[in-house]
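Working notes, structure below.
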2 protein chains.
Amino acid sequence: MNEKKRIPKSAVSRLSLYLREIQRLEKDGRDRVSSTELGEFTDLTDAQVRKDLSYFGNFGTSGSGYEIATLKASLRKILGKGAMWPIVLVGVGNIGSALLRYPGFKHEGFVIKEAYDVDRNKIGVRYDELVVKDVADINKNEKGKAAKIAIIAVPEKAAQDVADILVKSNVKCILNFAPVVLKVPEGVTVRNIDLSTELENFSFLLSFSK
Amino acid sequence: MNEKKRIPKSAVSRLSLYLREIQRLEKDGRDRVSSTELGEFTDLTDAQVRKDLSYFGNFGTSGSGYEIATLKASLRKILGKGAMWPIVLVGVGNIGSALLRYPGFKHEGFVIKEAYDVDRNKIGVRYDELVVKDVADINKNEKGKAAKIAIIAVPEKAAQDVADILVKSNVKCILNFAPVVLKVPEGVTVRNIDLSTELENFSFLLSFSK
DNA sequence: AATTGTGAAATTGTTCACAGCA
DNA sequence: TGCTGTGAACAATTTCACAATT
């Protein structure tokens with residue numbers, strides 16, 4: 001009922017988990033689920049599940065939990081699933097080309113519509129219907145203005161320049177694989193995927209526990 | 001001075017950022033840095049920087065900031081850098097093979113020492129000194145018992161089984177690329193890298209802001 | 001004069017516990 | 001009776017602000 005409460009920023013990520021689980025349950029033929037059960041699947045408390053869902057609406061029924069079909073539709077709507085989101089990829093190295101080959105995106109509602117690189121050897125290479133273009137041409141590209149989501153998978157030194165170009169071409173969300181803290185203007189969101197940091201968390205833990 | 005205060009779990013990740021930045025500064029020939037400056041580089045407040053560092057020791061000098069050489073040595077020690085950490089990789093698909101080819105790990109103190117897959121076509125394939133082995137042989141492998149860090153890059157359906165095997169073979173830290181919430185016993189740490197969730201955060205933002 | 005280290009305050013996020021509904 | 005939705009309690013994290021230090 002209440003749409004104006006402060007939503008913790010982590011709640012949206014958890015919504016993704018809930019959606020994934022109820023889609024799994026739906027495939028198994030289930031048609032209802034309780035917050036307790038959803039909590040078990042996602043390793044969260046039942047209260048957390050209910051609170052998260054309550055930020056976005058009243059999806060449940062007292063006494064009998066959540067109807068999977070309804071909850072699924074609601075979560076998909078909230079998460080913007082329904083549209084196919086075009087993505088610009090910059091950097092077709094190890095990680096970039098893995099992403100290009102990854103078939104899962106399309107199924108999840110995302111498509112890499114353009115890919116750019118600086119490397120002469122990579123420019124012109126074809127992945128399905130997509131041809132890798134010269135990074136110098138990002139701005140020239142008309143379709144570039146349609147994509148609001150970008151993935152940066154270039155070496156650290158190039159990442160900020162690429163980010164600047166992307167921001168100019170109207171990208172609003174950047175998934176950054178480069179080990180750099182990108183500077184972007186307000187209104188642009190960056191999420192970092194930083195393997196070194198993840199692994200350093202591990203080496204920290206391991207160094208201390210033994 | 002105070003080593004017993006509660007350390008926020010996110011502090012260690014930030015330590016990684018600080019280390020990265022001071023190493024960058026060191027290369028540029030700098031030898032001191034202030035919390036304000038380090039905050040600018042990492043997009044954090046100066047207070048956050050000081051508080052984070054203070055959880056681990058008194059590295060700074062009133063009036064003149066932090067000496068880069070000292071701080072670097074301290075952070076490297078805290079983060080367990082110095083040893084070369086062996087990693088087991090399971091799943092040599094798109095992402096797995098990108099990680100195998102990624103040269104950066106070694107430089108950061110991590111080496112993929114073993115790689116496994118189920119796919120007959122992938123088993124036996126050579127990447128440098130490393131040959132992909134049959135996933136059925138993980139337990140048999142002696143060296144497997146040395147690696148405490150594992151990366152799971154298998155399809156969703158196989159991930160939990162792989163995690164169970166890894167836990168049995170004494171792995172304590174798992175970096176999981178599969179879109180599943182893994183169930184592991186106490187004492188085992190999982191960190192998830194979940195592209196769908198990241199992208200869904202974006203589609204959520206974009207759906208609401210326009 | 002500049003800048004750290006840190007209690008205390010403010011903010012943000014999670015869990016409790018229960019009234020109210022199906 | 002079983003389970004949601006939620007205000008209130010609690011916990012964790014960040015920011016403030018300033019005494020102490022070089």
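Just so it is clear: chains get the letters A, B, ... in the order the sequence lines come, proteins before strands, and each one is counted from 1.
The side chain of B:S35 places an N or O atom within less than 4.0 Å of a non-bridging phosphate oxygen (OP1 or OP2) of C:dT4. A close approach under 4.0 Å does not occur between any side-chain nitrogen or oxygen of A:R6 and OP1 or OP2 of D:dT6. Checking the phosphate oxygens (OP1, OP2) of D:dT13, no side-chain nitrogen or oxygen of B:Q48 falls inside 4.0 Å. In this structure, B:S10 reaches the D:dT14 phosphate: one of its side-chain N or O atoms is under 4.0 Å from OP1 or OP2. In this structure, B:Y66 reaches the C:dG5 phosphate: one of its side-chain N or O atoms is under 4.0 Å from OP1 or OP2. OP1 and OP2 of C:dG5 both lie 4.0 Å or more from every side-chain N or O belonging to B:R50. In this structure, A:S64 does not reach the D:dG2 phosphate: none of its side-chain N or O atoms is under 4.0 Å from OP1 or OP2. Dashed line: the shortest gap from a side-chain N or O of A:S62 to OP1 or OP2 of C:dG20 is not under 4.0 Å.
The distance between atom CZ of A:R32 and atom C1' of D:dC3, rounded to the nearest whole Å, is 11 Å. The CD1-P distance, from B:I7 to D:dT14, rounds to 13 Å in whole Å. Spacing between atom CZ of B:F56 and atom P of C:dG5 amounts to 14 Å, rounded to whole angstrom units. At whole-Å resolution of the value, OH in A:Y18 and P in D:dT4 are 12 Å apart. Atom CG in A:D52 sits roughly 16 Å away from atom C1' in C:dC16 (whole-Å rounding). Straight-line distance from the CG atom of B:L71 to the P atom of C:dT4: 11 Å, rounded to whole Å. When rounded to the nearest whole Å, the span between CG of B:L53 and C1' of C:dG5 equals 11 Å. Whole-Å rounding puts the A:D46 CG to C:dA17 C1' distance at 11 Å.
Nearest to the side-chain atoms of B:T61 among the listed nucleotides D:dT22, C:dT12, C:dT14 stands D:dT22. Checking D:dT6, D:dT14, D:dC16 against every side-chain atom of B:A47, the shortest atom distance belongs to D:dC16.
Between the side chain of B:R50 and the backbone N or O of B:S35 there is no donor-acceptor pair closer than 3.5 Å. Judged by distance alone, with hydrogens and angles left aside, the side-chain atoms of B:Q160 form a donor-acceptor pair with the main-chain N or O of B:K183 at under 3.5 Å.
Screening B:I193, B:N192, B:I149 against A:E198 for a side-chain contact (heavy atoms from CB on, under 4.5 Å) leaves a single residue, B:I193. A side-chain contact (heavy atoms from CB on, under 4.5 Å) with B:E37 holds for exactly one of B:E21, B:R30, B:R32; it is B:R30.
In this structure the side chain of B:Y18 reaches within 4.5 angstrom of the side chain of B:L44, judged on heavy atoms.
With DNA chain D read from its 5' end, the first of the two nearest nucleotides for A:K51 and A:G65 is the one closest to A:G65.
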